[in-house]
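One structure below.
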Amino acid sequence: MTGFTVALVLVVAAVGLLRWRRPAWYWLAFGVTLATLRVLLRYGSVMDACGLTVPPARWRLALARAANRPIPESRPPRILRLLPTRTGLVLRLKLRPGQDAFDIAAASDRLRHSFSMYGVTSRELRSGVVEVRMTGYDVLKRVQMPAVTETRPMRVPVALRQDGSVHYRDYRAIPHALTLGATESGKSVYQRNLVAGLAPMDVALVGIDCKQGVELFPLARRFSALADNPDTAAELLDALVARMADVYQIIRAQQRITVDVPDAEIASDIWDLPDGLRPTPVVVLVDEVAELALYANKEEEKRRDRIITDLVRLAQLGRAAGIYLEICGQRFGSELGKGITMLRAQLTGRTAHRVNDETSANMAFGDISPDAVLAAIQIPAEMRGIAIAGDSSGGWHRIRAPHTSLRQAVNLCNRHADRTPDLPELAPFRPALAGPVAAPVPSAKPSPATA
């Protein structure tokens, strides 16, 4: 008996240690089974306690009275599917008549406590069907991206959402985006993940880094053009606007709108063109937009107006020409001068890391969702990399990008340097690289024995 007790204590201690140090392993080994049983056994009573049941239909009441049977109980939403995942459970529910998807969303916090889960979110899939995603542990504490993600042109997996799903940056769905964040908030790591995801794709990367290039120039072998000061940035943006006009001429030449041409073959952007004629898409990354908008004298003011005008033109017209903007900054408000509000209105995607004041959060989400503003100002300072991602539809998610060191990003860009397209319009801005491509340096630090 003593030996059995000791073995039981050791097993319980090992399970507790596993849950503390490796929550993902604990979830896959024990948590998913226990959580599934909890949900199935408690489902009816929890839904009734949360007010998510409806009275029985009148015909059932009449039938019970006629047969002198007990009155049927209230009915919860019907479970269509219960799917365990590597981070939690996915529950698909069929709503009863009279119920609404908002009822499930409003009760998400009560469901989280009742089912003993870490987090619960819901979304409406179609009329009458709601998907409830439950997470068994804090997936953002130690981000581990899935080994396999959905691959699609111009669609980059950049972070993990709080519900355990992958957050994608889809340039064809959301062409332009704004990323805000205070110093040491994780904004640079998010940008590195973007570059790392785009590096293996057939896309031209253009960078504007007015901090003398300290963020983007180490990745120069994968960039078709780079600018490290406002003067060069102004000329580079002029070249991009000229390229946009040339691309539109290519699209016009291929439209051939006649009665014999089906609607599906009429080109309206570069993705409707044949592969042999399609221009290379361009992603423009601006590291600190405030450096482009500030000025100290009349000459700098003229340059600033020229830069902002070009950015607004690219934001308004660049999507069809395959030019996408990724603008980063610490603040992006009207204090940066005229044209900034117009530019911000064109940036559909919004991502806000930790900010220093509520006004900065309002710059990102004030015109989209008040709830997202509240979530952005509640990001703790010690949780670097946590961000709120949303779009103009009002939906938002809490996300965190996996930590990617600068060395890892450099190695990846060097590995895919052969994919860097040579665009004639941007040739004067191609970064000068001395010597051959160096062999990738291991990201891990050498041990003292081998150093």
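Note that the structure is a prediction, hence the values are computed from the model and not measured. One-based numbering along the sequence shown.
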Val129/Arg92 under side chain to side chain contact (heavy atoms under 4.5 Å, CB included): CA gap, chis, key distance, verdict: CA-CA 7 Å; Val129 178; Arg92 186 167 294 183; 3.7 Å; yes

Thr351 and Leu180: CA distance, side-chain angles, deciding distance, side chain to side chain contact (heavy atoms under 4.5 Å, CB included) verdict: CA-CA 6 Å; Thr351 302; Leu180 295 179; over 6 Å; no

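- Interatomic distance, NE2 of His353 versus OG1 of Thr183, reported as 12.5 Å (0.5 Å rounding).
- Here the side chains of Leu347 and Phe332 are in contact, with some heavy-atom distance below 4.5 Å.
- His167 contributes atom NE2, which lies 9.5 Å from atom CE of Met145 (distance to the nearest 0.5 angstrom).
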Stepwise side chain to side chain donor-acceptor pair (under 3.5 Å) check, Ser165 with Asp163: CA-CA 6 Å; Ser165 61; Asp163 60 4; 2.7 Å; yes

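- Of the possible polar contacts, one joining the Tyr248 side chain to the Leu317 backbone as a donor-acceptor pair under 3.5 Å is found.
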Working for side chain to side chain donor-acceptor pair (under 3.5 Å), residues Thr232 and Asn229: CA-CA 6 Å; Thr232 308; Asn229 60 78; 3.0 Å; yes

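- In the displayed structure, Tyr295 atom OH is contacted under 6.0 Å by at most 12 heavy atoms of other residues, nucleotides or ligands.
- Salt-bridge annotation for Asp275 and Arg278: present, with a side-chain N of the basic residue lying under 4.0 Å from a carboxylate O of the acidic one.
- The backbone N or O of Gly164 lies less than 3.5 Å from no partner atom in the side chain of Arg133, so there is not a single donor-acceptor pair.
- Atom CZ of Phe429 is separated from atom CG of Leu236 by 5.5 Å, given to the nearest 0.5 angstrom.
- Ser122 contributes no side-chain N or O that, together with a main-chain N or O of Glu131, makes up a donor-acceptor pair within less than 3.5 Å.
- Distance alone, capped at 3.5 Å, is enough to place a donor-acceptor pair between the Arg304 side chain and the Leu336 backbone.
- A salt bridge links Asp109 to Arg112: at least one charged side-chain nitrogen sits closer than 4.0 Å to a carboxylate oxygen.
- Rounding to the nearest 0.5 Å places CG of Leu343 at 9.5 Å from CG of Leu314.
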Step-by-step side chain to side chain contact (heavy atoms under 4.5 Å, CB included) determination, Phe223 to Val206: CA-CA 6 Å; Phe223 276 75; Val206 174; 5.6 Å; no

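- Leu311 CG to Leu292 CG: the interatomic distance, rounded to the nearest 0.5 Å, is 6.5 Å.
- Annotation: Glu235, atom CD; neighbour count of heavy atoms from other residues, nucleotides and ligands within 6.0 Å is above 12.
- Here the side chains of Arg350 and Trp396 are not in contact, with every heavy-atom distance at 4.5 Å or above.
- Salt bridge Glu291/Lys211: absent, no basic N to carboxylate O contact under 4.0 Å.
- Around CH2 of Trp271, the count of heavy atoms belonging to other residues, nucleotides or ligands within 6.0 Å exceeds 12.
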Steps toward side chain to side chain donor-acceptor pair (under 3.5 Å) verdict (Arg331, Ser360): CA-CA 6 Å; Arg331 288 179 64 86; Ser360 298; 3.0 Å; yes

Side chain to side chain donor-acceptor pair (under 3.5 Å) assessment of Asn411 paired with Arg407: CA-CA 6 Å; Asn411 288 348; Arg407 169 50 63 188; 3.3 Å; yes

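- Using a cutoff of 4.0 Å between basic side-chain nitrogens and carboxylate oxygens, Glu150 and Arg155 are scored as salt-bridged.
- Although no hydrogens or angles enter the test, the distance criterion places a donor-acceptor pair under 3.5 Å between the side chain of Glu300 and the main chain of Ala296.
- Taking the six-membered ring for Trp and thresholds of 30 and 60 degrees, Tyr137 and Trp27 have ring planes inclined between 30 and 60 degrees apart.
- Going from atom CE of Met201 over to atom OG1 of Thr280 covers 14.5 Å, rounded to the nearest 0.5 Å.
- The number of heavy atoms from other shown groups lying within 6.0 Å of CZ (Arg430) is above 12.
- A salt bridge is defined here as a Lys NZ or Arg NE, NH1 or NH2 lying under 4.0 Å from an Asp or Glu carboxylate O, and Glu326 with Arg169 meets this definition.
- Residue Asp231 forms a salt bridge (Lys or Arg N to Asp or Glu O under 4.0 Å) with just one option from Lys302, Arg303, Arg306, and that option is Arg303.
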